[in-house]
2 protein chains.
Amino acid sequence: MGAEGADPGTVRPGGRTARVRASVLRAAGDALAEHGFAHLDLADIARRAEVGKTTVYRRWGTVTSLVADLLLDMAEQSLPRTETGSLLGDLKANARLVQRTLADPRQGALFKAVIAAATCEARTAEALHRFYDIRVKEWAPCVQQAIDRGEVPEGTDVHEVIRAVSAPLYYRLLTSSDRLDEAAADQAAEAAAAAARAGAYLRGDEGRA
Amino acid sequence: MGAEGADPGTVRPGGRTARVRASVLRAAGDALAEHGFAHLDLADIARRAEVGKTTVYRRWGTVTSLVADLLLDMAEQSLPRTETGSLLGDLKANARLVQRTLADPRQGALFKAVIAAATCEARTAEALHRFYDIRVKEWAPCVQQAIDRGEVPEGTDVHEVIRAVSAPLYYRLLTSSDRLDEAAADQAAEAAAAAARAGAYLRGDEGRA
DNA sequence: CGATTAACGAAACTGGAGTCCCATTATGGG
DNA sequence: CCCATAATGGGACTCCAGTTTCGTTAATCG
């Protein structure tokens, strides 16, 4: 007897268990990108992953909880950051990276699906927020360097500048049918850079005109 | 005999049919705001609307298609626009309106759900895009006025400026756990205004540093 | 390498989402 | 005002997503 509350996969996480997780997460990503978040069933994912559907239901239970785990996995795969020496150059590099990701049919659909899933459950939302916190933190240093160079005023919220680059790209992805091209990426970077230079992202201060 | 392909509700759209639609759309909004897009069933909506579930299935069939109709309805309800005489003032008014809407528990949840639904079906996405096109068009004139006043350079994409105000607010709603407060709204408006003045939204031109 | 038992997987089972049928209601045209 | 029939609504039915059961496989510890 004794406490038998340990979730499956936590006591013997090696070998098969890890293999099953990797296989299921890959299959889940494929399925989300293909069918979207709504018409998705776990049995189909189990089939793709060549895993018993009982296992998928036992370890994840619901689509949203599976997506939460997928986000945990995605957060670990970090993309290399380039440095160009100027704020605009760095922000453009970031914007292009986001734009290429969202414009890619598979990745774009996957991100849409993941965002949709996050609106449906608190745990999944938390995982999504953590994912973006990590990505934002990775790029924030380039804004700090711009502050050090005197390009951007002291006291600027560096994270907010990075978010300002992504925001219009995600907004376009979700609310319009316009194509996400490089011009959109460059425009997002330029707008964020211009606003940052003008002091629009000073923290704790609503800025002056 | 003859063509009997007419969808239910199109031949006799008055009286009861209209009443049923209004009641179902209201119930759908409530349900979406409460349960989110995922765990939503049409039978529950029918119960809330005091309508037979057969009717809901016959006229809308799926959750996404019901959301598409809800968006059509939402698009018709236009909000009054205020004018302040300056670009920053107008953009702040817009930002505050969006912020108040998204920060409201019911409305915020509803918008999240509607966006999630739009990621799952082309027809619903189209309805969502139309909804935002209308909202953006309603506010665009204030940017044109700023151009006429010489506040913003000629050739600026007026719609893009309006989108730039909403984008960071929606981005925050979906990807972070931070509260959507008035400071966020003001910051979004100021950033958009600063970027617009700097010429970041010149159309067909990627701007200069 | 062998024992223990965590984790997996096949198959049978179940509940409720979505469909079908037909009687009832009430719209819109004459 | 009346008729033809569009549209609704209750209830029976179906089918499959999700659960339960139990035998099999393999991870970890000694």
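It should be emphasised that the depicted structure is a prediction, and the values quoted were computed from it without experimental measurement. Here is the naming used below: chain letters follow the sequence lines, and residue numbers restart at 1 for every chain.
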- Message: Under 4.0 Å, counting only non-hydrogen atoms across every strand here, what does B/Thr62 touch: a base, just sugar-phosphate, or nothing?
- Response: nothing
- Message: Looking at A/Arg81 and A/Glu138, would you say the former's side chain and the latter's main chain have a donor-acceptor pair under 3.5 Å?
- Response: yes
- Query: In terms of side-chain heavy atoms of A/Arg12, which of C/dC8, D/dT8, C/dT5 is nearest?
  - Reply: C/dT5
- Please state how far atom CZ in B/Arg47 lies from atom C1' in C/dG16, giving the value in whole angstrom units. 11 Å
- Query: For the residue pair A/Phe37 and A/Leu32, what are the closest heavy atoms and their distance?
  - Reply: CA-CD2, 4.0 Å
- Could you please name the option among D/dA17, C/dT25, C/dC8 that lies closest to any side-chain atom of B/Arg16? C/dT25
- Message: Return whichever of B/Leu42 or A/Val20 has its heavy-atom-nearest nucleotide of DNA chain C closer to the 5' end.
- Response: A/Val20
- Message: Testing the basics here: between A/Arg48 and A/Ala27, what is the closest heavy-atom pair and its distance to 0.1 Å?
- Response: CB-CB, 3.7 Å
- With heavy atoms under 4.0 Å as the rule, sort A/Gly9 into base, sugar-phosphate or nothing. sugar-phosphate
- Query: Between C/dA26, C/dT19, C/dC8, which nucleotide has the shortest distance from any of its atoms to the side chain of B/Tyr57?
  - Reply: C/dT19
Below 3.5 Å is the cut-off: list the nitrogen or oxygen pairs between protein and nucleotides 11-14 of chain C, distance only.
residue: C/dA11; atom: N6; partner: A/Thr54; partner atom: OG1; Å: 3.4

- Query: Between the base of C/dG18 and the side chain of B/Arg58, is there a donor-acceptor distance below 3.5 Å?
  - Reply: no
- Atom CG of B/Leu40 and atom C1' of D/dA17: how far apart are they, to the nearest Å? 17 Å
- B/Asp7 CG to D/dA7 C1': how many Å, rounded? 13 Å
- Anything under 30° is parallel, anything over 60° is perpendicular, the rest tilted; go ahead and classify B/Tyr170 against B/Tyr132. perpendicular
- Message: Salt bridge or not between A/Asp133 and A/Lys137? Use side-chain N to carboxylate O under 4.0 Å.
- Response: no
- Query: What integer distance in Å separates B/Trp60:CH2 from C/dA17:P?
  - Reply: 19 Å
- Would you say a side-chain N or O of B/Thr17 is under 4.0 Å from OP1 or OP2 of D/dA7? no
- In terms of side-chain heavy atoms of A/Val51, which of C/dG9, C/dC8, D/dA26 is nearest? C/dG9
- Task: Figure out the CZ/P separation between A/Arg59 and D/dG18, and round it to whole Å.
- Result: 18 Å
- Between A/Gln107 and A/Asp104, what is the shortest heavy-atom contact and its length? N-OD2, 2.9 Å
- Item | Whole-Å distance separating the CD1 atom of B/Ile45 from the C1' atom of C/dG18 | 14 Å
- Item | B/Arg19 side chain near C/dT27 phosphate (N/O to OP1/OP2, under 4.0 Å) | yes
- Can you tell me if A/Arg172 uses its side chain to pair, donor with acceptor, with the backbone of A/Arg179 under 3.5 Å? yes
